[in-house]
Amino acid sequence: MKSRKLIEQLFKEGKSFSVQPIRVYWMLSPPNSNTSYLQFGVAAGTKHFKHAVDRNRIKRLIREAYRLQKIELQLKLKDANLHLNVFFIFTGKEVPDYKLVFEKTGIALQKLSEICVQSTSA
RNA sequence: GCUGCAAGCUAAGCUAUCGUUCCUGCUUUGGCGGGAGAGGAAAGUCCGGACAGCUCAGAGCAACGCACCGGUGAAGAGCCGGGUGAUGCCAAAAGCGUCAACAGAAAGUGCCACAGAAAAUAACUACCUCUUUGGAGGAAAAGGUGAAAAUGUGAGGUAAGAGCUCACAACUUUUUAUGGCAACAUACAAAGUGGGUAAACCUUGCGUGCUGAAAUGCCACAUAAACCGUCGCCUGAGAGCGGCUCGUUCAAUGACGGAGGGUAGGCAGAUUGAUUGCGCAGUGCAAAUUGCGUAACAGAUAAAUGAUAGCUCACGACAAAAUCCGGCUUACAGGCUUGCAGUAAUU
RNA sequence: GGUCCGGUAGCUCAGUUGGAUAGAGCAUCAGCCUUCUAAGCUGAGGGUCAUUGGUUCGAAUCCAAUCCGGAUCA
């Protein structure tokens, strides 16, 4: 997700849940012809991480974990013919190691695919 | 040898798989291949520029900044060299090191608690003269207070005293001479003895137009050239020239203010330039610089360097570009080099 | 990316411009009052004035650098 407008809309109108220490904002919409089924963004706050090095590190870890586990969600979205915007915010206070991030991101993505299935059946 | 402190240099490497930003080649436009991809501080934003815009920005005042001299450089509150002063080591000198906002207190104003008579045109005790014994006058040596008390010592001098006079010494200012580009140093002479504070106001000299890539130009998309208030329509509302005054330029599908609406996409700016490293030669005490050769140089825009596995070792610190450069400051594991201090053993 | 402001007792703040005793309220502790508590009254303790250096006889205050916190500019 690269558009500032989209991100503002997501925080304003989207829904959220948290898988400590990650908070997930998401919003389903009918698919756009130009964009793909899934758009994604990451952030780590300046409040807990003063140094840019730490923020970059966290964002890279989440991005990597997301990359390796996103395929299932993508498939489900394609089946349901839906577009999903997701934003991951890291709310913890210490720099995590990769294993934790991988695990938690997996849980979050699973939850998202459940939501996806529910919305299609409803 | 060990420990501590300071300064400088360096800032783990390799292989495989997947992934990522930019460039590039091919392409069936799905992709595939190749190349490049954070730092010595990228940080703080403390200085100085480049660059861009403001109708190229005038004068005076104000404001702000700088303040020994020379060099360096695009420039500077940087760096280098020198001078002067302070200070540490040392018994002292010399020497070595460290530090300095280092113009002016003899233009003016203010301030200097407590103590003390008095904190700046001095007079409490004590001193001397006169006296009606209340005091009046003279003088500034001695005492004590304080961070600081009217230059110090000796002699003359006097009623007592006093740079009042003289000698020596200290310091300040000025003239001249010599050395030095200069700051300044040395010597001689003259005048003088003014307490401190300018990191209090200030004075003097020099300098500064302002804003800051969220600058700025272009393209695309969108809306409200609507509404309310004030003023004005060439006898000038108002705006620009950073603040004020003058001056000057512009100014009528007007200007200012209020409330509100729309957009927030793309391209340029933008990354090869006062560039950086290395080698050789030249100039210079040095900072630095000239010539030749050679090598290197990211460019994102919710923002690219990560994950996994394996190997080696000292087991990896501080820390991430955001327009770009030159400095300064701060952070920093381990390793290497140098210096200083302490200590143990041996010779 | 730029600009501006702040840091004083456990907490909230004065004092900073204009230099010489570091203060107020709440909280804490002790005593008085009360049968006891609260309230009230009296007293006490508690401070590297963010850090380091400089100017000065003397610095919370002036100056410089650093650290931390906050605000603001489309």
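All values derive from a computational prediction rather than experimental measurement. A, B, ... follow the sequence lines: proteins, then strands. Residue 1 opens every chain.
Look at B:G192: its glycosidic torsion is beyond 90° from 0, and that puts it in the anti range. Classification of B:G163 as syn follows from a glycosidic angle within 90° of 0. Here C:U37 is in the anti range [glycosidic angle more than 90° from 0]. With a glycosidic angle no further than 90° from 0, B:G134 counts as syn. Its glycosidic angle being within 90° of 0, B:A38 falls on the syn side.
Along RNA chain B, the nucleotide nearest A:Asp54 and the nucleotide nearest A:Ala43 are compared for position; the residue whose nucleotide lies closer to the 5' end is A:Ala43. Across the interface with RNA chain B, nearest-nucleotide mapping of A:Gly41 and A:Glu64 shows A:Gly41 to be the residue nearer the 5′ end.
Sorted by residue number, the members of residues 96-109 of chain A with any non-hydrogen atom under 4.0 Å from RNA chain B read A:Tyr98.
Annotation: B:A281 and B:C318 have their P atoms spaced 44 Å apart (nearest Å). Taking the C1' atoms as reference points, B:A77 lies 41 Å from B:C114, given to the whole Å. Using atom C1' as the reference point in both C:A24 and C:A9, the two lie 11 Å apart (nearest Å). Taking atom P on both B:U45 and B:G240, the two are 32 Å apart, rounded to the nearest angstrom. Comparing the C1' positions of B:G179 and B:A148 gives a spacing of 41 Å, expressed to the nearest Å. Atom P of B:U271 sits at a distance of 33 Å from the matching atom of B:C18, rounded to the whole Å. For B:C99 and B:A295, the P atoms lie 43 Å apart once the distance is rounded to whole Å. Taking the C1' atoms as reference points, B:A41 lies 32 Å from B:C64, given to the whole Å.
A pairwise comparison of heavy atoms in A:Arg57 and A:Val95 identifies CG-CG1, 4.1 Å as the closest pair. Taking every heavy atom of both residues into account, A:Gln69 and A:Phe102 meet most closely at NE2-O, 3.0 Å. Closest of all the heavy-atom pairs between A:Leu10 and A:Asn85 is CD1-O, 4.0 Å. In plain terms, the two heavy atoms of A:Val117 and A:Lys76 that are nearest each other are CG2-CD, 3.9 Å.
Between A:Phe40 atom CZ and B:A304 atom P the separation is 12 Å, expressed in whole Å. One can place NZ of A:Lys59 at 7 Å from P of B:A303, the figure rounded to the nearest angstrom. A:Ile58 places its CD1 atom 15 Å from the P atom of B:A319, with the value rounded to the nearest Å. Atom-to-atom, CD1 of A:Ile62 to C1' of B:A303 comes out at 16 Å; the value is rounded to the nearest Å. Rounded to an integer number of Å, the gap from A:Phe49 CZ to B:A302 C1' is 18 Å. Between the P atom of B:U308 and the CD atom of A:Gln69 lies a distance of 13 Å, rounded to the nearest Å. In this structure, A:Tyr66 places its OH atom 21 Å from P of B:C18, rounding to the nearest Å.
Using a 4.5 Å heavy-atom cutoff, the side chains of A:Gln39 and A:Val86 are not in contact. Side-chain contact between A:Leu77 and A:Cys116 is present, with heavy atoms from C-beta onward closer than 4.5 Å.
Here B:C231 sits opposite B:G254 as a Watson-Crick or G-U wobble pair (both hydrogen-bonding atom distances under 3.5 Å). Using Watson-Crick or G-U wobble geometry with both donor-acceptor distances under 3.5 Å, B:C2 finds its partner in B:G342. In this structure, B:G154 and B:C166 make a Watson-Crick or G-U wobble pair, each of the two defining distances being under 3.5 angstrom.
Using a 4.0 Å cut-off, no side-chain N or O of A:Arg67 falls inside it from OP1 or OP2 of B:U308. Contact annotation: A:Arg60 side-chain N/O to B:U305 OP1/OP2 distance is under 4.0 Å. Listed pair A:Arg63 / B:A304 meets the phosphate criterion, a side-chain N or O lying under 4.0 Å from OP1 or OP2.
Comparing atom distances between the A:His51 side chain and each of B:A319, B:A38, B:A307 picks out B:A319 as nearest. Side-chain proximity of A:Phe87 to B:A302, B:A320, B:A307: nearest is B:A302.
As judged by a 4.0 angstrom heavy-atom cut-off over every strand, A:Leu61 is placed among residues touching the sugar-phosphate backbone only.
Taking the six-membered ring where tryptophan is involved, the planes of A:Phe40 and A:Tyr66 are essentially parallel, since the angle between them stays under 30° and well short of 60°.
For the atom pair CG (A:Leu73) and CD (A:Gln110), the distance works out to 10.5 Å, reported to the nearest 0.5 Å.
Comment: A:Glu64 engages A:Arg67 in a salt bridge, judged by a side-chain N to carboxylate O separation of less than 4.0 angstrom.
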